[in-house]
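Beneath this line is the structure, given in structure tokens, with notes to follow.
In this chain, residues are counted from 1 in sequence order. This one's a predicted model, so the numbers in the text were calculated from it and none came from an experiment.
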Amino acid sequence: MLWKEKWSEEKSENLPKTAISYLEKCDKTFSPNIYIILKLLAVLPVSVATVERSFSSLRRLKTYLRNTTSESRLNGLALLSIHRYININDEEVLDKFASVPKNLDLVL
């Protein structure tokens with residue numbers, strides 16, 4: 001009731017707009033329960049669309065033919081499918097995985 005009364009005295013234009021701004025103005029020692037609730041509210045996702053897209057992508061990848069795919073390969077395929085907006089340079093990938101270690105002496 002004290003928290004409600006504190007903010008009822010403020011003008012509407014002076015009220016914080018987000019849970020994080022309320023959290024910054026909340027005194028942890030004076031109202032610890034309100035502080036915890038605001039902290040939870042600030043970190044809760046607004047939607048679960050990203051998770052749903054991830055599961056849909058995984059369902060498309062893990063078909064019957066690929067059922068024996070190893071976990072690391074499946075994780076890599078899932079990441080490529082989910083984050084397809086990231087541009088991958090083929091040359092950089094080849095250079096990274098095809099490079100010869102520096103301490104290995106090659107005899108030609």
From [X] [atom1] over to [Y] [atom2], what is the distance, rounded to the nearest 0.5 angstrom?
X     : Y     : atom1 : atom2 : answer
Ile36 : Lys28 : CD1   : NZ    : 8.0 Å
Asp95 : Asp90 : CG    : CG    : 11.0 Å
Glu92 : Asn87 : CD    : CG    : 11.0 Å

What residues, two or more places apart in sequence or in another chain, satisfy ring pair (Phe, Tyr, Trp, His ring centres under 6.0 Å) together with Tyr35?
-> none
Taking atom NZ of Lys4 as the centre, report whether more than 12 heavy atoms of other residues, nucleotides or ligands fall under 6.0 Å from it.
-> no
May I ask you to check whether over 12 heavy atoms, not counting those of Ile20, lie within 6.0 Å of atom CD1?
-> no
Is any side-chain heavy atom of Tyr22 closer than 4.5 Å to a side-chain heavy atom of Leu41?
-> no
Sequence-distant partners of Ser8, side chain to side chain donor-acceptor pair (under 3.5 Å), two or more places apart | none
Output all residues satisfying side chain to side chain donor-acceptor pair (under 3.5 Å) with Ser31, sequence neighbours left out; order by chain, then residue number.
-> none
